[in-house]
Amino acid sequence: MKGVIKMSRGARVILEKVCYHIINRGNQKQPIFFDDSDKEKYLEILGHYKKRFAFRILGYCLMPNHIHLILEPRYPYDLAKFMQGLTQAYTVWFNNKYEKVGRLWQGRFKSMVIAKDNYLLDCIYYIEMNPVRARLASSPAGYIWSSYRNRVFGNKNKLLDIPDSS
């Protein structure tokens with residue numbers, strides 16, 4: 001095409017001893033979860049990759065067409081491998097279940113660095129409030145597909161790690 005400039009995507013910022021706010025959206029903003037079993041499977045796969053790559057999961061929220069994760073990797077350069085495995089495994093499962101082919105996710109995931117300070121807790125709370133802002137629940141405690149209930153009420157959960165200030 002004449003006049004079109006193709007730009008490469010920028011390199012990710014990879015830092016030690018920080019957390020990452022990850023956002024991944026369905027292709028063309030389409031749903032990535034159609035029922036509760038889809039969300040259960042995603043969390044199961046997330047738990048597998050958490051263990052495989054020794055990540056801490058400090059917060060999460062599964063929305064109908066996107067996800068939010070707050071992650072603390074042991075080895076920051078594993079972030080891309082973690083997300084590649086997670087998204088590929090869920091896509092294969094989803095496409096098999098719904099007899100679909102092709103892309104489920106819209107481009108590469110977004111990642112923002114979060115310092116391990118008070119902003120970390122604000123960011124976790126922000127993502128846990130998404131269902132309330134989207135009118136999927138009247139309070140964050142009423143939405144079971146986020147970390148809120150486990151974090152705030154101290155429910156035992158192998159997926160969620162409690163944030164610390166170190």
Side-chain angles (χ1 to χ4, degrees), residues 7-27 29 32-33 39-91 93-94 103-134 136-137 139-141 143-166:
M7 298 182 66
S8 65
R9 59 186 184 196
R12 289 195 190 280
V13 174
I14 304 292
L15 301 171
E16 302 263 345
K17 299 180 182 175
V18 298
C19 298
Y20 292 88
H21 176 189
I22 304 296
I23 302 170
N24 212 0
R25 188 172 303 281
N27 193 29
K29 299 182 181 181
I32 54 174
F33 305 112
K39 295 178 189 96
E40 289 167 359
K41 187 63 172 183
Y42 185 87
L43 293 177
E44 176 188 318
I45 295 168
L46 178 62
H48 168 78
Y49 281 93
K50 170 193 174 167
K51 187 175 180 180
R52 180 174 174 185
F53 286 98
F55 273 48
R56 294 181 70 215
I57 299 173
L58 304 175
Y60 64 88
C61 186
L62 308 184
M63 298 294 285
N65 70 345
H66 69 282
I67 58 95
H68 290 268
L69 303 171
I70 306 292
L71 304 174
E72 182 181 7
R74 179 182 289 172
Y75 305 107
Y77 287 95
D78 284 345
L79 181 61
K81 290 185 270 185
F82 174 93
M83 287 303 296
Q84 179 185 30
L86 174 61
T87 56
Q88 282 181 345
Y90 182 72
T91 299
W93 179 86
F94 181 93
R103 295 174 59 165
L104 178 61
W105 304 98
Q106 178 179 304
R108 70 179 188 162
F109 65 94
K110 293 179 182 158
S111 63
M112 282 94 24
V113 173
I114 304 170
K116 291 167 57 177
D117 59 14
N118 288 341
Y119 180 67
L120 173 61
L121 294 176
D122 291 344
C123 190
I124 293 169
Y125 184 70
Y126 172 82
I127 69 168
E128 292 171 343
M129 286 298 294
N130 268 358
V132 176
R133 287 189 297 274
L136 298 174
S139 76
Y143 191 74
I144 64 171
W145 304 110
S146 83
S147 52
Y148 183 87
R149 290 159 50 133
N150 293 317
R151 186 178 60 78
V152 171
F153 301 131
N155 298 341
K156 296 281 184 193
N157 180 322
K158 290 181 183 179
L159 192 60
L160 188 66
D161 298 289
I162 303 302
D164 60 40
S165 58
S166 60

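If you read the sequence from its start, that first residue is 1, and numbering goes on from there.
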Contact between [X] and [Y] at the side-chain level, heavy atoms closer than 4.5 Å - yes or no?
| X | Y | answer |
| --- | --- | --- |
| M63 | L136 | yes |
| E128 | C61 | no |
| L104 | Y90 | yes |
| C123 | I70 | yes |

* After noting the C-alpha distance and the side-chain angles of M112 and I23, does the key distance pass the side chain to side chain contact (heavy atoms under 4.5 Å, CB included) rule? -> CA-CA 9 Å; M112 282 94 24; I23 302 170; 3.7 Å; yes
I'd like to check the side-chain hydrogen bond (donor to acceptor under 3.5 Å, both in side chains) partners of [X]; sequence neighbours left out, ordered by chain and number.
| X | answer |
| --- | --- |
| K51 | none |
| H21 | H68 |
| K29 | none |

Would you check if the side chain of [X] reaches a backbone N or O of [Y] as a donor-acceptor pair within less than 3.5 Å?
| X | Y | answer |
| --- | --- | --- |
| K110 | R25 | no |
| D161 | I57 | yes |
| Y143 | L62 | yes |

* In Å, rounded to the nearest 0.5 Å, how long is the span from NE2 of H66 to CD1 of I22? ->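 Rounded to the nearest 0.5 Å, the NE2-CD1 separation comes to 13.5 Å.
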* Measure the spacing between OH of Y125 and CG of L121 and express it to the nearest 0.5 Å. =>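 Going from OH on Y125 over to CG on L121, the span is 12.5 Å.
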* Check step by step if side chain to side chain contact (heavy atoms under 4.5 Å, CB included) holds for I67 and F33. => CA-CA 10 Å; I67 58 95; F33 305 112; 3.7 Å; yes
* **side chain to side chain contact (heavy atoms under 4.5 Å, CB included) evaluation trace for F82 with L46** => CA-CA 9 Å; F82 174 93; L46 178 62; 3.7 Å; yes
* Ring-face cation of R151 near Y60 (centre distance under 6.0 Å, axis angle within 45°) ->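 No; the conditions do not both hold, so R151 does not lie above the ring face of Y60.
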* Stepwise side chain to side chain contact (heavy atoms under 4.5 Å, CB included) check, Q88 with T91 -> CA-CA 5 Å; Q88 282 181 345; T91 299; 5.7 Å; no
* To do: May I ask you to decide if the ring planes of Y42 and W105 are parallel, tilted or perpendicular, using 30° and 60° as cut-offs?
  =>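 Geometry flag for W105 against Y42: tilted rings.
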* Asked: Which heavy-atom pair separates N24 from R108 by the least distance, and what is that distance?
  ->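 Shortest heavy-atom contact: OD1-C, 4.3 Å.
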* Around atom OH of Y126, are there more than 12 heavy atoms of other residues, nucleotides or ligands at under 6.0 Å? ->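 Not more than 12 within 6.0 Å, no.
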